[in-house]
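Working notes, structure below.
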Number of protein chains: 2
Amino acid sequence: MANSYISQAVIKRLPRYMRFLSEIRAEGIERISSRELSERMNVTASQIRQDLNHFGGFGQQGYGYNVQNLIEEIGKILGLDQAHNLIVVGAGNLGRALAGYSNFESRGLYIRALFDIQPEGTVSEVRGLKVYGMDELPVFLKEHNIDIAVLTIPKEHVREVAQLLYDLGIRGFWNFAHIDLALPPDAVVENVHLSESLMQLTYYMKHPNEVAE
Amino acid sequence: MANSYISQAVIKRLPRYMRFLSEIRAEGIERISSRELSERMNVTASQIRQDLNHFGGFGQQGYGYNVQNLIEEIGKILGLDQAHNLIVVGAGNLGRALAGYSNFESRGLYIRALFDIQPEGTVSEVRGLKVYGMDELPVFLKEHNIDIAVLTIPKEHVREVAQLLYDLGIRGFWNFAHIDLALPPDAVVENVHLSESLMQLTYYMKHPNEVAE
DNA sequence: TAGATTGTTAATCGATTAACAATC
DNA sequence: TAGATTGTTAATCGATTAACAATC
């Protein structure tokens with residue numbers, strides 16, 4: 001039964017289901033039960049069924065779930081049924097690394113260009129993508145129907161740049177700068193704080209009796 | 001009162017406290033109450049006090065918390081009171097980006113070198129760090145007291161390389177490959193799945209009435 | 001001392017797990 | 001049909017918030 005409010009705990013698990021189901025599909029397996037999937041993923045079968053039933057009954061009693069169908073359904077839930085066009089703002093190593101991720105495209109996520117205050121340095125292309133100057137943003141965004149900006153610029157500039165992009169119509173922000181980016185409520189911001197992840201690691205190294213994730 | 005088992009929800013918040021407290025210290029503020037901090041961080045004051053009291057009473061009634069002292073105490077909890085020596089395995093864009101993060105050092109996290117199957121390509125140094133070949137790992141790890149490996153290699157090779165590093169004594173793994181890396185129980189693994197973070201973003205873009213984080 | 005704010009217990013809220021009737 | 005496994009409700013568990021006595 002499709003429900004309207006879904007907790008963030010559930011949403012966080014959906015891409016992980018996608019990853020495992022894609023692996024399972026690649027193995028040529030067509031159907032899977034919640035129990036089998038739970039053993040692979042190290043979660044409870046109950047949680048899988050509970051999670052999926054927030055969005056609808058995708059399985060069949062006595063049979064389980066059709067792998068391909070489930071991938072498609074979760075894809076729809078995650079908004080991957082429609083293509084997204086992205087730009088990377090900040091063409092440093094991190095920006096180039098993300099622009100080079102080839103597996104985004106298999107999910108309908110297309111990085112279309114990079115932007116930087118230094119548009120033309122030594123290297124101007126990543127995987128055939130051009131590095132443009134910031135002044136070319138307005139025209140490019142319109143012409144290429146960009147809806148997500150990946151922010152890989154220093155934290156000193158990120159608020160200003162994000163506001164500029166917001167004013168130009170961008171509503172999706174994947175922020176790698178070390179601040180919690182805040183924008184008007186119709187913007188969606190996903191903050192990635194890599195150094196915080198590393199500090200979790202050092203915590204668990206110091207406290208070996210506690211089990212991480 | 002110091003407690004032995006601490007939930008992961010609490011641990012995840014500690015680095016964020018670090019970040020905000022460091023900002024506050026940089027502003028020259030010496031003391032802060034849980035209420036003031038809660039307003040900056042957009043959490044409840046109750047949660048802050050509850051979180052901190054898992055580890056000890058760092059505040060003072062009627063006064064609040066000393067910012068510098070609290071930073072030090074949380075640093076100890078996170079294992080940042082002792083230095084960590086890291087290597088980056090995989091000298092692609094992502095590895096170079098992480099090796100270039102200058103703010104790790106302020107937390108006592110020192111990246112000492114990069115390793116790659118192609119040790120000498122066009123670029124051999126990142127911030128003065130050398131890119132070594134994999135055959136030089138055993139000697140380097142011993143000589144430099146490395147305790148954390150940052151894995152930025154393709155997922156096809158990561159299990160094998162991680163096992164090699166484990167056999168050489170490494171126990172901390174910060175894994176960026178798109179698998180959930182599993183190692184013997186005395187190893188600590190922090191898996192970073194960037195594409196899953198991006199899919200959360202697309203979810204919230206498709207479902208604008210639900211509030212992300 | 002009086003005011004402020006913690007440390008900590010109790011109450012509430014939400015998420016996970018267990019159980020099982022429904023059903024393929 | 002019989003066996004398997006879902007969808008879904010109920011029970012449990014854990015995390016967050018509220019409240020307030022302790023105390024600086």
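Here is how names work: the chains are called A, B, and so on, in the same order as the sequence lines, proteins then strands, and each is numbered from 1. All values below come from the heavy atoms of this structure, side chains included, with hydrogens, waters and symmetry mates left out.
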Any side-chain heavy atom of I24(A) sitting closer than 4.5 Å to one from L37(A)? yes
Side-chain heavy-atom pair I77(B), L14(B) within 4.5 angstrom cut-off: yes
Spacing of [X] atom [atom1] relative to [N] atom [atom2], expressed in whole Å:
X      : N       : atom1 : atom2 : answer
Q47(A) : dT17(C) : CD    : C1'   : 9 Å
I48(B) : dA18(D) : CD1   : P     : 13 Å
H54(A) : dT16(C) : NE2   : C1'   : 11 Å
E73(B) : dT6(C)  : CD    : P     : 16 Å
F58(A) : dT5(D)  : CZ    : P     : 20 Å
R49(A) : dC20(C) : CZ    : P     : 13 Å
I32(A) : dA4(D)  : CD1   : P     : 17 Å
Q60(B) : dG7(C)  : CD    : P     : 9 Å

Output yes when at least one side-chain N/O atom of [X] is less than 4.0 Å from OP1 or OP2 of [N], else no.
X      : N       : value
R13(B) : dA15(D) : no
T44(A) : dT17(C) : yes
R35(B) : dA18(D) : no
S34(B) : dT6(C)  : yes
Y65(A) : dG7(D)  : yes

If you check the S33(A) side chain, which of dT5(C), dT6(D), dT6(C) turns out closest? dT6(D)
Side-chain donor/acceptor contact of Q50(B) with base of dT6(C) under 3.5 Å: no
Quiz item: S46(A) side-chain donor-acceptor pair to dA18(C) base, under 3.5 Å: yes
When the ring planes of Y101(A) and F104(A) are compared, do they come out parallel, tilted or perpendicular, using 30° and 60° as the limits? tilted
Comparing S7(B) with Q61(A), nearest DNA chain D nucleotide closer to 5' gives the residue Q61(A)
Are H84(A) and R107(A) close enough that a side-chain donor and a side-chain acceptor fall under 3.5 Å? no
Are the side chain of R171(B) and the backbone of A187(B) linked by a donor-acceptor contact shorter than 3.5 Å? no
Can you tell me the Watson-Crick or wobble partner of dA15(D), both distances under 3.5 angstrom? dT12(C)
G-U wobble or Watson-Crick pairing nucleotide for dT6(D) (cut-off 3.5 Å, both distances): dA21(C)
Find which nucleotide of DNA chain C each of Y63(B) and V43(A) is nearest to by heavy atoms, and output the residue with the more 5' nucleotide. Y63(B)
